[in-house]
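Working notes, structure below.
Here the structure is a predicted model, which is why all the values come from computation and not from measurement.
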Amino acid sequence: MVSAALSDSAYLHASTNASAKLLVTGAFGVGKTTLIGAVSEIEPLRTEQRMTEASVGVDDTRGRPGKTHTTVAMDFGRLTLHHQHVALYLFGTPGQDRFEKMWFELTRGALGALVLVDTRFLDAAFDVVGALEDQNIPYAVAVNTFPDARRYPADDIRGALDLEPRTPLVECDARDRSSSIKALIALIEHLVTLPPRPEHS
């Protein structure tokens with residue numbers, strides 16, 4: 001039995017006539033869980049666990065001395081864009097190499113991906129971007145503006161990540177709902193300009 005105490009936001013609006021599975025991905029500690037928590041209209045599902053001594057020397061904790069938890073499976077949230085009548089199902093991926101199998105499982109059926117990056121550690125994004133390209137999953141890149149991170153011109157970031165000219169590159173603050181939604185909309189607007197992807201048999 002569904003509780004009557006559930007918020008109306010738990011249900012899709014009657015005008016919603018389309019949905020899309022999107023990945024929110026990136027390296028360890030770039031703000032994926034934070035972004036999904038900021039934008040989700042439902043209580044987000046999180047699979048965070050406390051980091052232990054076993055992660056020492058395994059997880060790249062550069063610049064994140066206060067980070068105590070990490071996603072071990074996925075994050076999940078939902079955002080409805082009412083003016084476009086579309087529900088976005090957001091799947092946040094784990095950021096560590098040891099969860100690579102789960103990462104690839106989450107890519108199944110994904111229409112596209114928002115790649116969060118931290119300008120302090122752009123090199124950490126290379127593997128994620130490369131894996132998306134190998135899987136033929138279109139993506140947009142969002143620079144999460146950490147307070148102590150240096151700002152770089154967009155062309156410099158494009159060059160460092162070897163992005164194609166048509167790949168969207170935006171800035172966002174993963175803590176801020178409006179900023180994060182704008183980044184997701186940039187991805188959606190990019191996806192609708194692309195030709196249909198071939199079906200896999």
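- If you take CD1 on I157 and CG on D162, they are separated by 14.0 Å, rounding to the nearest 0.5 Å.
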For L106 and R108: C-alpha separation, side-chain torsions, deciding distance, then whether side-chain contact (heavy atoms from CB on, under 4.5 Å) applies. CA-CA 5 Å; L106 289 173; R108 294 178 183 271; over 6 Å; no
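- One distance of note links OG1 of T34 with CZ of R175; it measures 9.0 Å at 0.5 Å rounding.
- Residues H85 and T80 are not in side-chain contact: their nearest non-hydrogen atoms beyond the backbone lie 4.5 Å or more apart.
- Side-chain N or O atoms of T16 include none that pairs as donor or acceptor with a backbone N or O of V86 at under 3.5 Å.
- At a threshold of 4.5 Å between non-hydrogen side-chain atoms, the residues L45 and D75 do not count as touching.
- Of the residues listed (N136, T25, I137), the one engaging T107 in a side chain to side chain contact (heavy atoms under 4.5 Å, CB included) is I137, and it is the only one.
- Contact between G37 and P44 at its shortest, heavy atoms only, is CA-CG, 4.1 Å.
- With a 4.5 Å cut-off on side-chain heavy atoms, M74 and T93 do not count as touching.
- The shortest side-chain heavy-atom distance between T119 and V143 falls under the 4.5 Å cut-off.
- Partners of S180 under the side chain to side chain donor-acceptor pair (under 3.5 Å) rule, at least two apart in sequence or in another chain, do not exist in this structure.
- Side-chain contact between D118 and N144 is absent, with no heavy atoms from C-beta onward closer than 4.5 Å.
- Between L90 and V39, the closest side-chain pair of non-hydrogen atoms falls below 4.5 Å.
- Taking every heavy atom of both residues into account, L191 and P138 meet most closely at CD2-CG, 3.4 Å.
- Under the 4.5 Å side-chain criterion, counting only non-hydrogen atoms from C-beta, V30 is not in contact with V117.
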L88 and L81: side-chain contact (heavy atoms from CB on, under 4.5 Å), yes or no, with the steps? CA-CA 8 Å; L88 306 181; L81 301 178; 3.9 Å; yes
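- Taking the side chain to side chain donor-acceptor pair (under 3.5 Å) definition, one finds that E133 meets it with Y139, sequence neighbours left out.
- A salt bridge links E171 with R151: at least one charged nitrogen is closer than 4.0 Å to a carboxylate oxygen.
- Side chains of V24 and T33 form no contact here, defined as non-hydrogen atoms less than 4.5 Å apart.
- Shortest non-hydrogen contact noted between L116 and C172 is CD2-SG, 3.9 Å.
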